[in-house]
Amino acid sequence: MEGNANVKPELASEAVNVIENVAGTYPGYRRAHARGYMYEGVFTPNGNASPLTVAAHLQDEAVPAIIRFSNSSPIPIHPDAISPVKGMAVKFQLPNGESSDLIAVTIPLFFAKTPEAFVDIADFFKSAKDGFPNLKDLAKILLKYPESKASLQMLKEMRSPASFSTCQYYSIHAFYFVNAEGRRQAIKYEWVPDAGLSMLAKEEVAKRHPEYLNEEMEERLKQGPVGFKLNIQIGGVNDPTDDSTIAWSEDKQVITVGHLMISNKIESFADHFLFDPTNIPEGIECSEDPILHFRHHAYAISYDRRTHNQ
Ligand code: HEM
């Protein structure tokens with residue numbers, strides 16, 4: 001999937017440079033969500049998405065999947081308990097040999113509406129302590145980009161999870177499902193954990209090992225597979241598809257379209273996988289969201305640097 005014409009690919013290297021200036025450069029690691037762990041699983045669709053999309057992995061055949069859970073920090077040694085946002089990237093292996101990626105995080109909104117705003121706001125994170133900018137810089141961001149408030153407020157209130165398997169993960173961006181008649185329907189994805197939601201109490205945070213989430217998953221998987229339901233929210237006419245800073249209305253129709261079972265861990269240090277949110281099959285299209293299209297370019301640059309040991 002190619003980028004959108006309104007997005008400037010050259011700004012993508014600037015975005016990756018800003019992240020490096022703020023957080024440092026760690027050769028071989030992703031420039032965001034640097035520390036992560038890979039797992040194998042199987043995704044089984046339930047057929048509920050078939051009237052809405054012809055996407056191969058959302059019909060009636062189970063497909064293998066590779067899953068990467070991550071800490072959002074660009075710093076690979078950043079303790080799990082300190083940066084509360086976690087990532088879940090899923091690569092579905094399609095029956096025709098191709099793949100499709102679905103990348104989600106534990107916060108439903110993004111803080112930037114455009115790539116330009118991202119580059120500008122990311123620079124303010126230089127002052128960040130424990131992943132959050134100081135109050136003076138926060139005030140400057142909110143004055144210039146009032147649309148960031150909802151996401152930054154959520155970020156401030158978030159607590160670290162007890163497990164990667166006890167979080168709900170959101171695609172943030174909208175996508176279009178396209179069915180056999182060519183009808184387009186805006187949707188957003190959510191992964192809902194079978195284990196239910198569970199966060200750490202404040203007093204527990206200090207007691208946790210810096211990589212407690214990895215250890216916790218290892219222990220949990222010894223007891224059996226870890227599951228997530230894949231839900232889609234059905235967008236209505238007033239729900240924006242081009243702006244990740246605005247939540248969709250709350251009374252959304254939600255449909256469960258399948259279930260993921262994660263069975264075991266696979267080796268992941270300096271892995272050469274690329275998860276790209278615009279890597280989607282026939283039957284799914286990117287929305288107009290400029291951040292979604294921009295990510296395609298930024299991830300390619302990060303991938304290129306980390307696979308050349310930069
Ligand atoms: C302008 C906006 C953004 C920029 C510049 C950006 C940048 C990056 C970069 C450079 C990487 C590393 C890519 C690689 O080396 O493979 C990354 C990974 C990631 N990003 Fe973003 N990101 C943005 C927005 C988002 C949003 C809105 C989400 C929400 C779903 C998100 C979730 C993730 C996740 C989960 C990963 C880890 C993927 C993996 O496990 O391979 N990012 N991001």
Side-chain angles (χ1 to χ4, degrees), residues 3-4 7-23 25-39 65-76 83 85-91 99 101-123 125 145 148 151 154-155 164 167-175 188-191 242-246 266 268-279 286-287 289-310:
N4 163 309
V7 162
K8 298 188 199 102
E10 61 281 7
L11 196 61
S13 48
E14 207 179 319
V16 176
N17 292 345
V18 167
I19 300 175
E20 289 181 355
N21 289 342
V22 169
T25 304
Y26 307 92
Y29 284 94
R30 285 168 175 74
R31 271 30 182 190
H33 292 257
R35 190 171 72 253
Y37 312 95
M38 310 271 266
Y39 304 85
I66 297 205
I67 302 96
R68 182 173 183 269
F69 287 110
S70 57
N71 221 12
S72 55
S73 174
I75 304 173
S83 58
V85 176
K86 306 300 169 201
M88 177 178 174
V90 178
K91 196 174 274 296
S99 68
D101 299 338
L102 171 49
I103 308 180
V105 284
T106 50
I107 187 166
L109 297 178
F110 198 53
F111 58 84
K113 187 176 165 169
T114 62
E116 288 77 6
F118 172 86
V119 171
D120 200 19
I121 295 172
D123 202 43
F125 275 74
Y145 302 103
S148 301
S151 159
M154 281 177 182
L155 185 62
F164 281 129
C167 302
Q168 185 153 327
Y169 296 84
Y170 308 87
S171 65
I172 295 194
H173 308 288
F175 292 84
K188 284 188 179 185
Y189 298 99
E190 295 169 354
W191 288 109
D242 60 351
D243 187 343
S244 311
T245 65
I246 300 178
I266 49 180
S268 60
F269 175 72
D271 69 83
H272 282 197
F273 278 88
L274 172 63
F275 295 88
D276 174 342
T278 68
N279 176 29
C286 287
S287 62
D289 189 336
I291 294 282
L292 172 59
H293 294 269
F294 184 67
R295 289 174 65 196
H296 169 75
H297 302 289
Y299 289 33
I301 288 165
S302 172
Y303 179 78
D304 186 55
R305 291 187 190 175
R306 67 182 162 91
T307 52
H308 287 89
N309 210 27
Q310 292 168 24

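No experiment lies behind these values; they were computed from the predicted model shown. Just so you know, ligand 1 is whichever comes first in the structure, and atom 1 is the first atom listed for that ligand. Side-chain atoms are counted along with the backbone in the values below, which use heavy atoms only and exclude waters and symmetry mates.
Between Phe275 and Arg30 the shortest side-chain heavy-atom distance falls below 4.5 Å. Counting heavy atoms from C-beta on, the side chains of Asp271 and Arg306 come closer than 4.5 Å. Using a 4.5 Å heavy-atom threshold, the side chains of Phe294 and Glu116 count as separate. Side-chain contact between Ile291 and Ile172 is absent, with no heavy atoms from C-beta onward closer than 4.5 Å. Put simply, the side chain of Thr25 does not reach to within 4.5 Å of the side chain of Gln310, judged on heavy atoms.
For Tyr189 and Phe175, the distance between ring centers is under 6.0 angstrom.
Close approach of ligand 1 to Gly87 (heavy-atom distance below 4.0 Å) involves ligand atoms 35 (C). The ligand atoms of ligand 1 that sit less than 4.0 angstrom from a heavy atom of Phe110 are 2 (C), 24 (C), 27 (C). Shown in contact with Tyr303 at under 4.0 Å from a heavy atom are these atoms of ligand 1, numbered in order with element: 15 (O). Below 4.0 Å from some heavy atom of His173 lie the following atoms of ligand 1, by number and element: 27 (C). Short contacts between ligand 1 and Ala89, defined as distances under 4.0 Å to a heavy atom of the residue, involve ligand atoms 39 (C), 40 (O). Residue Ile172 approaches ligand 1 through these ligand atoms, each under 4.0 Å from one of its heavy atoms: 29 (C).
At a heavy-atom cutoff of 4.0 Å, ligand 1 is contacted by the side chain of Phe294 but not by its backbone. When heavy-atom distances to ligand 1 are checked against a 4.0 Å cut-off, Leu274 comes that close only through its side chain, counted from C-beta outward. Both the backbone and the side chain of Ile103 come within 4.0 Å of ligand 1, counting heavy atoms alone. Contact annotation: for Ser302 versus ligand 1, heavy atoms closer than 4.0 Å belong to both the backbone and the side chain.
Among protein heavy atoms, atom 29 (C) of ligand 1 sits closest to Val105 CG2, 3.5 Å. Of the protein's non-hydrogen atoms, the one nearest atom 11 (C) of ligand 1 is Ala32 CB, 3.7 Å. In this structure, atom 41 (O) of ligand 1 lies nearest to the protein heavy atom Arg30 NE, 2.7 Å. Scanning the protein for heavy atoms near atom 21 (Fe) of ligand 1, the closest one is Tyr299 OH, 1.9 Å. Scanning all protein heavy atoms for the shortest distance to atom 39 (C) of ligand 1 gives Arg68 NH1, 3.3 Å. The nearest protein atom to atom 32 (C) of ligand 1, hydrogens excluded, is given as Arg295 NH2, 3.4 Å; this is a heavy-atom distance. Protein heavy atom in closest approach to atom 37 (C) of ligand 1: His33 CB, 3.3 Å. Residue, atom and distance of the protein heavy atom nearest to atom 4 (C) of ligand 1 are Phe118 CZ, 4.0 Å.
The aromatic rings of Tyr303 and His272 sit perpendicular, their planes meeting at an angle over 60°, well past the 30° parallel limit. Taking the six-membered ring where tryptophan is involved, the planes of Phe118 and Phe110 are essentially parallel, since the angle between them stays under 30° and well short of 60°.
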>> As a quick check of understanding, evaluate side chain to side chain donor-acceptor pair (under 3.5 Å) for Arg295 and His173, giving each step before the final call.
In response: CA-CA 11 Å; Arg295 289 174 65 196; His173 308 288; 2.9 Å; yes
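Close N/O approach between Arg306 and ligand 1 is found [any backbone or side-chain N/O within under 3.5 Å].
Between Phe111 and Ser151 the shortest heavy-atom distance is N-OG, 3.5 Å.
Within 6.0 Å of the NZ atom in Lys91, the count of heavy atoms belonging to other residues, nucleotides or ligands exceeds 12.
With hydrogens and angles disregarded, no donor-acceptor distance shorter than 3.5 Å links the side chain of Asp304 to the backbone of Ala300.
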